[in-house]
Each structure stands twice: as structure tokens, then as C-alpha cells.
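Within every chain, numbering begins at 1; the chains are lettered A, B, ... in the order of the sequence lines, protein sequences first and strands thereafter.
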2 protein chains.
Amino acid sequence: MARYEQIAGDLRDAIVRGEYAIGAQLPSEAELADRYGAARGTIRQAVAVLVNEGLVGSRQGARRIVLGSERSQSFAELHSFAQWARSMGYRASGAVVRSDRRPCTQSEAARLSLTPGEEVLTVLRLRRLDGEPVLLERTVYAGWIAPAVERLDPSCESVTQELYDAVGLVFAYGEHLIDAVAAGSEDARLLGVRRGSPLLRQRRTTTSQEGRPVECSDDRYRAGSVAFSIRNSTSTNPLVRRTGD
Amino acid sequence: MARYEQIAGDLRDAIVRGEYAIGAQLPSEAELADRYGAARGTIRQAVAVLVNEGLVGSRQGARRIVLGSERSQSFAELHSFAQWARSMGYRASGAVVRSDRRPCTQSEAARLSLTPGEEVLTVLRLRRLDGEPVLLERTVYAGWIAPAVERLDPSCESVTQELYDAVGLVFAYGEHLIDAVAAGSEDARLLGVRRGSPLLRQRRTTTSQEGRPVECSDDRYRAGSVAFSIRNSTSTNPLVRRTGD
DNA sequence: GAGTGGTCTAGACCACGAG
DNA sequence: TCGTGGTCTAGACCACTCA
């Protein structure tokens, strides 16, 4: 592990332990450099990690301050519902409801960098948390990955994990659009809610390490089962409002 | 403007103009350093901006690649509905429906770093986009900022802007919890939707530059009016799933 | 093995904040 | 005014990817 990661971890632990209260000042860069025997650049890199996590606030001229003390999830595995569930202590399961090959639409072609009409694989998957249905995924896979997806166990726990094991595919980058929709009749039936009741929708496009679009998906969570959490600051802001589209 | 910001802007423009296609490689750091006459560190800082925006992907050992080409919003003003609306070409308006002082609850005390029972100001505000009601804000302000909030014009366009002008307060940091809920009867009446219809809810806590909690709010968007957009990668991941709470 | 990005150092100057 | 974080440089070594 890199030196700056160790230092970041050390500082994070101190914050989580409550050694620095919320609103309290962190030591200056010079002092930290001294304490850890590292160059100022390394210290800055370490503190930048905490700033990105939203635990620490930073402004030119003033000492850095502690903003929060809650340890967030390990971020590395957002795309895997199963891995997230496990880390939260839930038992995740899933089942393929339907699976079809068909030519892609215009908009799918654009989102997956395909030529219109090229074949894609669509999969409807129901995901459960401790047996409770919470998520309905309507996923469109690019044709080139379709065979590997079709070979998967329909009730496998983690598609992400299985695809990595099978063909070394890593879901590296994602774009997400989050809004609320009313449950359609199929949604309602499978998720066990009333038609028209609120669902949290996450439309995403996932890309491989090489920048190749792999899948796009319309995921619908039962209301009350899951929320998305984001931390930000005026300077670094991952969250963008968009008009519904 | 800093040198690295200029370079980042230059590269971003080139990507947006399509000079680098999606999936294409960016020039190496050495080449960019040469081209811009800057040190490698400065180039790295510039490229890091694009990586954070999700436009560019980066892995050790391989050339950086272009992931997307859509210009995201200027991020600096997330907390201001009005400023976001203006930048999107909409006309924002707002009106205070109700405003009350009362002792804070236990959970509000925790979220705003107050002592239980301390007085807070609660404001119910309806926000419109081009005249259409789209957002209902139920905001709880810490007592120390309440007087400034009460002096505001009830129909002022941007609370953020007005508070900055009036008392120099900057909303610097935020924590957000996003989920979907059914419209209650008050929600339905004010937003002009049916009771029980889906709303996108954003619960947030906002903090001043000094790390002092200012307000927490329950914001509900009419479905279809707005979506939240997020870009991420396996290494830098601002988005965290949480169980509904 | 060559090229590339990731880490780290040591030092400089500047812009901003707080007292 | 002085301490602090923000920017920038120049050079070094390492880990990784890819042909």
C-alpha cells in the first residue's frame, strides 16, 4: 500500500475514533509532514483522500477542518449489488426472469457505441435481500459479451464477480441517472408492491477498463429498501441535477 | 485561473469538440508536458480534473482513454436550485408556504450539532421551474441563522445567494441521501400530483465553510421533472448505497 | 523491454485567512 | 504580518501494460 494511503488511513481512523471532533482543526501540512517523516506532497495526497471522502474540508489560508466522522462504505464495488449486500451483512440472491436476444434500438446503439440493429442481449433480473425482493434490473448487454452472460448461472449471486472470473471483465466506469418512477404492472407484480407506487430508478451505463461500453440498465428499487448517499463540497461536486429525460 | 485549470479546460474542450473520440487515447503526460511547456506534475493535476469529472479513465501502465464527451454542469453551485435552473435556461421562482420557530427534535439536534430543545426555524418552500411546481423543500435552519433567513423576501429566487449577500454565509459542504417516496396529501396538493404518486426525495445536511451545520432539509421533486446524474469509477466512487433509513 | 502512469521528494513562490 | 493551503517545478524510482 502506498505511503499516502497509509497516512490517509491513519488520519481517518483518528477522525472516526473521535480524536478530532467535528469542526475541529487538523494539524497543518508541515506538522503532519514532520510527524510522518514524509514530504509535503505526500501529506497533501493523503489529506486529499479524506477531502474527497467528504470527511475533511479544505480552504486556502485556513486550517483543514473535520466535517464528519462516519466511515463510508468501501467504494470499490458500487456496481455489484451482491458485494454491497454482503458488506452490509445481508444475504443477496437473484434470479433471471427473462432473457432475450434482439436487435438494439437507436438509443441503445448510442449508449453502447454499437451500430443500430446490432444484436444485444436483454435480461430481466429480480434481486432479493434476505429473501425480500428489492430490485428489478432490466439490463441490455452489448452483443460481444452476450455469450458469457448467457453461460452464467441464472440464479448466481454476483454477475460482476462471475463475469470477472469467467472472462476477466472489469466494470470500471459508470454513468448513473437517478430519479423516481411509478411502478408499472410488471414492476408491481415482481417487486410485490402496488401498481403506481414509488420506485427509485437508477439508469446506468457501465464501461470496461478499456473504455468499451458493456451494458446499460434500468434498475428499480422498491421504495424504502435502499437510498443513495453522496457527500460533496462546492469545489468537488460529483452530483449534477438534470431535467428528467 | 491556475495553469492546470487552463490545461484541463483546453483538453476538455478538445474532448467535447470530438477531437478525441470516445474510447480514444489521450496523449501521454510527457507529450502534454512538452506541448504546454509545463512540468509533469501540473499536467497530472490537469488530467486529474477530467478523471474526476468522469470524462477520462486512467489506469497505471496504460494510456488514458476518453470515456465520455458530455459537458457536465458547472458543479460549483449544487446547493442552489435557482442558480442551477438559470444555468439550464429555466426561470426559477419560489414561495414560502409556511415558516415556524420551534424546539428541535433529537435527530435534528444530532444532525445540526445543536443541544436538544434548542430553537430552530422550519420553512416550507415551493419552488417552480418556468411556473411549474417541481420541488417542495422542508428545511430546518439552525437557530443562529434563523434571523437572517426570516429577513429574506419570501418569494426570493435564490436563498443561497441572498444569505451570502446578507451575512456572507457560504454553503460549502453537503451530505445527501436520495430515495423515492409516495406523495403525502400536502405534497400532492402543493406539487399538483395525485396522493401516493412517486416523488424523488433528497435529504441533505448543509455545512458552512467553517464546518458548522447550517440546515437540513427534506426536498421532494415531482417525478419526471429532475434526475440526478453521477459519474464514477471503481477507484473514485462518490456514490454509496444505503439501506433506507 | 520500452513506454506509461503512480508515487515520492525537495524546494520555491503565491493567495488567502486570521489575529 | 504570519501561518496556511494552493500551485508549480525538476528529477527520481517503481509498477504496470502492451507489443
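Of the candidates C/dA18, C/dT9, C/dG5, C/dG5 carries the atom nearest the B/Arg64 side chain, counting heavy atoms from C-beta on. Minimum atom distance to the side chain of B/Arg63 is reached by C/dG5, of the listed C/dT9, C/dG5, C/dT7. The B/Tyr4 side chain lies nearest to D/dC8 when the options are C/dG17, C/dT7, D/dC8.
Contact between the side-chain N/O atoms of A/Arg44 and the OP1/OP2 oxygens of D/dC8 is not found at any separation under 4.0 Å. Remark: A/Ser58 is in phosphate contact with D/dG6, judged by side-chain N or O atoms under 4.0 Å from OP1 or OP2. Here A/Thr42 reaches the OP1 or OP2 of C/dT9: one of its side-chain N or O atoms lies under 4.0 Å away.
Summary of the strand contacts: A/Glu5 and A/Gln60 both lie near DNA chain C, and taking for each the nucleotide with the nearest heavy atom, the more 5' one is attributed to A/Glu5. Judged by closest nucleotide on DNA chain C, B/Pro27 is the one of A/Arg59 and B/Pro27 placed further toward the 5' end. Heavy-atom distances to DNA chain D give each of B/Met1 and A/Gly61 a nearest nucleotide, and the one nearer the 5′ end belongs to A/Gly61.
Distance CD (A/Gln45) to P (C/dT9): 10 Å, rounded to an integer number of Å. Summarising the geometry, the separation between CD on A/Gln209 and C1' on D/dC18 is reported as 13 Å, rounded to the nearest angstrom. The CD1 atom of B/Ile65 sits 16 Å away from the P atom of C/dT4 (whole-angstrom rounding). For the pair B/Gln6 CD and D/dG6 P, the interatomic distance rounds to 19 Å; values are reported in whole Å. The CD1 atom of B/Ile43 sits 12 Å away from the P atom of D/dA10 (whole-angstrom rounding). Here the P atom of nucleotide C/dG17 and the CD atom of B/Glu210 are 10 Å apart, to the nearest Å. Spacing between atom CG of B/Leu32 and atom C1' of C/dG5 amounts to 12 Å, rounded to whole angstrom units. In this structure, B/Glu29 places its CD atom 8 Å from C1' of C/dG6, rounding to the nearest Å.
Salt bridge present: B/Arg102 and B/Glu108 bring a charged side-chain N and a carboxylate O closer than 4.0 Å. Using a cut-off of 4.0 Å between Lys/Arg side-chain N and Asp/Glu carboxylate O, B/Glu175 and B/Arg203 are scored as not salt-bridged. Residues B/Glu162 and B/Arg151 are not paired through a salt bridge, judged by the lack of any N-O separation under 4.0 Å between the basic side chain and the carboxylate.
Each of B/Leu121, B/Val167, B/Val96 was compared with B/Val149 under the side-chain contact (heavy atoms from CB on, under 4.5 Å) criterion, and only B/Leu121 meets it.
Here the straight-line distance linking atom CG of A/Leu32 with atom CZ of A/Arg64 works out to 8.5 Å at 0.5 Å rounding.
Contact annotation: side chain of B/Arg40 to base of C/dG6, donor-acceptor pair present below 3.5 Å.
Residue B/Ala30 is out of contact with every strand shown, counting any heavy-atom pair closer than 4.0 Å.
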